[in-house]
Structure formats: C-alpha cells, structure tokens
Amino acid sequence: MVLAFAAVSLAPLAHTDTRGATIAVTSAVFSPLRGSIQIDAAVRTAAPIGLQVVSAQGDLLGWLAPETRRRTLHLAWRGELGGRRLHDGAYLLRLVSHGKRLTDTGFSVDTTAPTLAKLKVENGGAPFLGDRPLLATVTPNGDGLRDRAVIRFTLSEPATLLFEANRTSRSLETVFNQRLQLPAGPGAIEWTPPADLGPRTYLLRFTLVDDAGNRRVVGRATAGLRGSSGPVVRVQSVDATFAHASYAAGDTAVLQVSSDAPSLQVQLFRSGPELGDTPADNILRGIAVGGATTHDWRTSRNAPGSVTLRLGDLPSGVYFAQLTASDGRIGYAPFVVRPSRLGGHRVAVVMPTNTWQAYNFYDASGDGWGDTWYAGGPAPVVQLDRPFLRRGVPPYFRRYDRPFLHWLAVNGHEVDVLTDDELETASASALAVAYDLIVFPGHHEYVTDAEFAAVTGYRNLGGNLAFLSANNFFWRVERDGSSMRRTRQWRDLSKPEAALIGVQYRGNDDGARQAPFIVRNTTATPWLWEETDLTVGSKLGADIGGYGTEIDGTAPSSPPGIVVLAEVPDLFGPGKTAQMTYYETAAGAKVFAAGTLDFSGSVLGQPQSRLLQNLWARLSLP
C-alpha cells in the first residue's frame with residue numbers, strides 16, 4: 001500500500017503566437033542521454049525562419065537551424081550545440097524571422113536520474129535483534145506484531161517507481177511488484193508478504209524513471225558488493241539450528257531458535273523408519289522420539305533464544321527437532337546421533353554435512369543473498385552453524401538422503417551414522433579397526449585434508465567403500481571453528497578423486513538430460529547382479545526416467561583393474577559418459593561408485609534395491 005501519492009504535471013509542449021507562428025516539442029523535459037526530442041515549427045505563410053536556443057535569461061546560446069525561407073521546420077535534436085551537450089537546466093526554443101522573435105517555448109534538459117535518500121525499512125516499531133536501517137524482520141501471521149514492512153525514503157524528483165520484492169538464489173526471482181507514480185519528497189511504501197510466502201530474506205529493488213526518461217535502479221542484482229545496496233526484508237518463521245552437527249546418546253544438545261511466537265512445541269524425530277513419502281522439499285518426516293515439550297517463548301520474541309535438550313539412549317541415526325509455533329508455523333533442525341565410540345556397528349554411513357552447508361542459501365548476514373559461494377559472491381566462506389533455508393531441511397535431503405535412510409530401515413540395517421566432523425578427527429587406523437564398510441550415500445563434495453587422508457588411509461588398509469552419488473571428494477576445504485573455506489579442487493593438488501573413488505566429476509546440467517544405465521559387465525562381479533534380472537545390455541533406471549544431473553567417469557588416475565559395470569553413454573555429449581564402477585586393491589579393499597548424483601535417490605525401487613542389497617552383503621564382510 002502506498003502512503004504517499006501524487007500525479008506529475010508537465011509544462012506545455014507547444015506555443016502559438018497571434019500571428020500564427022507555432023513551435024512544439026514532444027517533451028518539455030528530456031534527457032540527451034536517453035534520446036532526442038522532436039521539434040516542429042510552422043508559420044502561416046512561407047518566410048525566412050530559423051530556430052535558436054536561448055537561456056532562461058534570454059541570452060542566445062546557438063542556432064539549431066539558420067533562417068531559410070520555408071513554412072515549416074522539423075528536426076530531431078539530442079541536446080547538443082557546437083558538439084557539446086547542454087548542461088541540465090531550463091531553456092527556450094525560439095522561432096525567429098529576420099532576426100526577430102516570432103514565438104518560443106520552454107524546455108528543460110535533465111540528465112540526472114532520480115534518487116532515493118534516507119532509505120530505510122521498518123516493521124512497525126518492533127525490531128528483531130540484528131535488524132538495521134536496511135534490514136527488517138517480519139512475521140506476517142496477522143497477530144499484529146511485525147506483520148508488514150514499511151519502506152521509507154525521500155524522492156529527489158517526481159518519478160515512476162517500480163517496487164519489486166525478490167527471492168534470490170543464483171539470480172533474482174520477483175515475487176511481488178507494484179508500479180507507482182510518486183511526487184518529490186518524503187514517501188513510504190508498505191508491503192505485507194502473504195502468509196504462505198516462504199520464510200527467508202527478500203531483496204527489495206526500486207526502478208526509478210523521471211519525466212525525462214532517466215533511470216536508476218536501487219538494489220543489488222547480483223551477490224557480493226556490486227550495485228547499490230537496497231532494503232532487505234526477512235520473513236521469519238521458526239529458524240532453528242543445533243550448535244553441533246552431531247551428538248552422542250545421552251548428550252545435552254543446544255538448539256538455537258529465532259521466532260517471535262509466544263510459545264514453541266519441540267518434538268524429536270528419527271528420519272528413515274517412517275512410512276510413506278515426504279511430499280515436499282521443505283518438510284521432514286520421521287518417527288517421534290519421546291514426548292513433545294512446550295516452551296514459553298514470550299521473553300525471546302525480539303532476539304534468538306536457546307532450548308536445551310537432553311538426548312536419551314538413542315541409536316545412532318539421523319534425527320531432527322520439529323519446532324511448532326503456537327500459530328502453526330513449523331521449523332526443523334536436523335542433527336546426527338553418532339555412536340558413543342567408533343565401531344558400534346561394523347558399517348558406517350557418513351552424512352554430507354559439509355556439503356549440506358555449502359549448498360545452504362540461508363542468508364544469515366541479511367544482505368538478501370544466500371551465504372554461499374553458489375550465490376555468486378566473492379568470498380569462498382560459509383558458516384556451518386546456520387539454519388537451513390527451506391524451514392530447516394538440508395538441501396536435496398528429500399531427493400538423495402531420505403530414500404537411502406528409508407532403505408536402511410526397511411531392510412533392517414543398523415549402522416553407525418557419522419558426519420564430516422567425525423571423519424575430521426578419526427584416524428585411518430581407527431576407522432579400519434572399527435568398520436568393514438563405510439558408505440557415502442549422498443553428495444559428498446567438500447572434504448578437509450584430515451577427512452581425505454583418513455578415508456584414503458582406511459582404503460589403503462583394506463577398508464571397503466561405497467559411493468552412492470557423484471561429484472564426491474571434489475573440493476578441498478579448510479575449517480576454522482564454525483567457518484568453512486573452499487580452496488582448490490583436489491585434482492589440482494595432485495590428489496585426483498578418481499584415485500580414491502575410481503571415478504571423478506565430469507559435468508552437471510541440473511538434470512536437463514536423463515537416461516538409463518546400460519549394463520556393460522556382469523562377469524567381474526556376478527554377485528552384484530544376482531536376482532536383479534539385469535544382464536549385459538540391460539537398461540537400469542528407464543522406468544524412473546533415467547539418471548544424470550551430475551556425473552562421474554573414469555580417469556587416467558583411476559586405480560588399475562577398475563571395472564566399468566554400467567554406463568549412461570554420452571549423456572552430456574560425445575565422450576561425456578556416466579560410469580558405475582568397482583575395483584579391488586591388493587590390500588583387499590573393495591570400492592564401488594554409482595557414477596550419477598541421483599542413484600541413491602532410486603534405491604527404494606527395483607532392481608536398484610536388490611542391487612544395493614547385493615553390494616551391501618559383499619562389502620560389509622571383512
């Protein structure tokens with residue numbers, strides 16, 4: 001809603017004298033930077049007539065057309081005299097004959113775009129901790145507290161203003177726009193986001209156009225420091241995150257929460273054993289663990305607060321807290337219950353917690369862009385202690401991670417679930433003693449020196465590995481407390497990922513092209529294909545539309561004796577083939593790689609489930 005509005009009056013565009021001499025321009029105000037104006041002059045009967053430009057004080061500045069006998073004069077003019085552009089200001093166009101004035105008309109040159117001064121955004125007088133002049137937190141739930149954003153400014157001149165609220169990722173997506181005609185001076189725009197608009201920050205942009213066509217855009221179009229800063233509105237729901245990625249059973253877990261709800265209900269769930277599908281990417285489903293607790297939140301409605309949870313004797317697995325506000329808003333906070341010691345079970349499953357945060361577009365800084373290098377900003381650093389964007393659900397969890405967790409539960413596999421944090425501190429020898437098999441079910445792209453060394457050393461000591469996704473162990477990262485910095489690709493550090501995994505990253509097309517695997521070799525691993533009805537030449541995944549998104553293939557650094565089990569040939573062009581592989585080492589290690597990003601998401605179907613069961617039975621043996 002606009003709180004200030006006015007129409008703009010233009011000066012006359014034409015003048016006629018009593019003798020019938022006329023002069024007209026297409027616009028009384030124009031910008032030579034934006035184009036030309038059309039000038040049309042006429043007299044009743046042909047006579048020597050010319051056209052002058054005169055200052056507002058009446059001084060002759062120059063001729064646009066010398067006196068020539070004619071009845072009409074027409075020209076397009078770009079605001080220049082003698083090769084120089086006129087300065088901004090008021091002028092006269094004068095029609096003359098025999099050096100005497102016949103008539104004139106006024107015009108103005110304006111090359112200055114409108115400006116918004118004293119720009120700020122408010123939420124009705126109840127700032128949340130961290131709000132500032134260009135950041136306001138709103139919670140449009142109709143309770144009268146922070147229901148709307150009010151943008152205040154002073155406009156330098158009358159202008160047409162296009163107001164946009166934008167969702168950002170790698171680019172802008174407009175979720176609301178309004179075009180307004182505003183007068184010069186103080187003004188305000190009010191925006192009430194719809195209740196179903198997803199919680200996150202929204203970047204506000206303003207496109208200003210004055211009567212001369214001068215245009216100014218306020219608000220960044222890209223992440224980082226490029227472009228003018230603009231207001232940001234944070235639509236808050238229940239933003240929550242645990243202080244650590246994992247806890248042991250019996251630990252005290254601290255949950256950091258931002259919400260202005262008067263009360264919150266907290267319930268823990270375990271992900272995987274639940275029945276049914278998860279219907280959307282911003283929903284987590286699981287089996288309830290213990291009872292729900294209700295927390296009075298009235299003293300934390302203006303700043304983040306914390307909830308302390310005592311974890312019971314929980315089996316290792318992936319869990320999450322579901323926080324439900326008194327008005328029905330929901331947020332999630334995932335965490336892992338790690339084993340109290342390595343080797344509680346002989347198989348470990350490692351969740352890609354570093355990669356989850358690398359792809360997390362949650363905007364903790366409040367500049368309107370996700371705090372990730374994938375947003376396009378210059379700083380290759382992400383914070384590991386942020387809530388996840390989609391109400392707290394890790395990126396692509398529903399697509400890649402949840403199906404595998406459900407497969408574990410359906411097939412009765414009890415495992416140790418680890419995070420990148422555990423592999424950061426574990427030695428290769430400790431892993432080799434504890435586990436016969438380590439599974440990386442998801443997209444495990446970002447690893448530290450310590451994790452790379454531990455997993456490679458584990459393999460060298462004869463430990464078995466299964467990579468059920470693609471683009472794994474691709475980037476080297478450095479961790480410093482809760483910060484993670486991306487440095488270089490491992491292959492550029494003489495540690496190509498194919499030397500460990502068997503394959504390495506080949507390309508990404510965001511899933512535009514999908515095709516099934518073609519089975520290439522069944523004799524090298526006959527146990528893998530048992531009860532799958534797959535033979536050489538069979539298609540795997542045709543019934544689900546195929547595989548792709550990101551793909552891996554063998555490389556010169558792949559271990560000797562590697563076997564290509566199946567391929568998605570030429571998926572991204574000639575030679576850009578996804579390859580499913582298997583190799584063994586002299587130390588007895590067995591290593592499987594799926595070769596496509598989305599394989600793990602298909603393991604609940606057949607024959608993929610049977611194939612994974614066969615792989616599990618083989619690789620989980622010492």
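- Tyr582 and Trp527 have their aromatic ring centers within a separation under 6.0 angstrom.
- Partners of Asp143 according to the salt bridge (Lys or Arg N to Asp or Glu O under 4.0 Å) rule, which considers only residues two or more places apart in sequence or in another chain, are Arg301.
- When only modelled atom types and interatomic distance are considered, Glu445 and Tyr505 share no side-chain donor-acceptor pair under 3.5 Å.
- Remark: side-chain polar atoms of Thr241 are not paired, donor with acceptor, to backbone N or O of Gln256 under 3.5 angstrom.
- Residues Arg402 and Glu274 are paired through a salt bridge, judged by an N-O separation under 4.0 Å between the basic side chain and the carboxylate.
- Side chains of Gln383 and Ser482: a donor-acceptor N/O pair is present below 3.5 angstrom, by distance only.
- In this structure, Thr139 contributes its side chain and Leu145 its backbone to a donor-acceptor pair below 3.5 Å.
- In this structure Asp296 satisfies the salt bridge (Lys or Arg N to Asp or Glu O under 4.0 Å) test together with Arg298, sequence neighbours excluded.
- Remark: aromatic rings of Tyr319 and Phe269 are distant, center separation not under 6.0 Å.
- Although no hydrogens or angles enter the test, the distance criterion places a donor-acceptor pair under 3.5 Å between the side chain of Asn360 and the main chain of Pro387.
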Worksheet item: Going through the checks in order, is the side-chain hydrogen bond (donor to acceptor under 3.5 Å, both in side chains) test met by Arg148 and Thr192?
Response: CA-CA 4 Å; Arg148 70 192 191 283; Thr192 301; 5.8 Å; no

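- When only modelled atom types and interatomic distance are considered, Asp363 and Thr201 share a side-chain donor-acceptor pair under 3.5 Å.
- Side chain of Tyr435 to backbone of Ala430: no donor-acceptor contact under 3.5 angstrom is found.
- Arg310 and Thr252 share a side-chain donor-acceptor pair at under 3.5 Å.
- Residue Thr448 holds its OG1 atom at 7.0 Å from CG of Asn354, rounded to the nearest 0.5 Å.
- One finds no salt bridge joining Arg485 and Asp480 here, because no Lys/Arg side-chain nitrogen approaches an Asp/Glu carboxylate oxygen to under 4.0 Å.
- In this structure, Arg486 places its CZ atom where more than 12 heavy-atom neighbours from other residues, nucleotides or ligands lie under 6.0 Å away.
- No donor-acceptor distance shorter than 3.5 angstrom exists from the side chain of Arg234 to the backbone of Gly368, with no hydrogens or angles considered.
- In this structure the side chain of Thr487 never reaches within 4.5 angstrom of the side chain of Trp475, judged on heavy atoms.
- Remark: Asp492 CG is packed, more than 12 non-hydrogen atoms of other residues, nucleotides or ligands lying under 6.0 Å away.
- Using cut-offs of 30° and 60° for the angle between ring planes, the Trp356 and Phe397 rings count as perpendicular.
- Using modelled atom types, one side-chain atom of Gln357 and one backbone atom of Leu384 make a donor-acceptor pair closer than 3.5 Å.
- Here the straight-line distance linking atom CG of Leu540 with atom CE of Met580 works out to 5.5 Å at 0.5 Å rounding.
- Between Glu497 and Arg491, at least one side-chain nitrogen of the basic residue sits less than 4.0 Å from a carboxylate oxygen of the acidic one, meeting the salt-bridge criterion.
- Between Phe361 and Tyr374, the distance separating the two ring centers is not shorter than 6.0 angstrom.
- Rounding to the nearest 0.5 angstrom, the gap separating the CG atom in Asn123 from the CG atom in Asp147 is 10.0 Å.
- Contact detail for Pro403 and Val603: the closest heavy-atom pair is O-CG2, 4.0 Å.
- A heavy-atom distance below 4.5 Å is not found between the side chains of Tyr362 and Arg200.
- With a 6.0 Å radius and a threshold of 12 heavy atoms from other residues, nucleotides or ligands, Tyr396 has its OH atom at or below the threshold.
- If you check the side chains of Asn471 and Ser469, you find no donor sitting under 3.5 Å from an acceptor.
- Taking Trp297 as the reference, nothing meets the ring pair (Phe, Tyr, Trp, His ring centres under 6.0 Å) condition, with sequence neighbours excluded.
- Partner of Gln613 under the side chain to side chain donor-acceptor pair (under 3.5 Å) criterion, out of Glu531, His413, Glu530: His413 alone.
- In this view, Asp598 satisfies the salt bridge (Lys or Arg N to Asp or Glu O under 4.0 Å) rule with no residue, not counting sequence neighbours.
- Although no hydrogens or angles enter the test, the distance criterion places no donor-acceptor pair under 3.5 Å between the side chain of His444 and the main chain of Asn472.
- The shortest side-chain heavy-atom distance between Arg346 and Leu437 does not fall under the 4.5 Å cut-off.
- Between Lys590 and Glu584 there is no salt bridge, since no side-chain N of the basic residue sits under 4.0 Å from a carboxylate O of the acidic one.
- For residues 256-266, the pairs satisfying salt bridge (Lys or Arg N to Asp or Glu O under 4.0 Å) are Arg146-Asp260, Asp260-Arg329, with sequence neighbours left out.
- With sequence neighbours left out, Phe452 forms a ring pair (Phe, Tyr, Trp, His ring centres under 6.0 Å) with Phe473, Trp490.
- Between Val503 and Ile551 the shortest side-chain heavy-atom distance does not fall below 4.5 Å.
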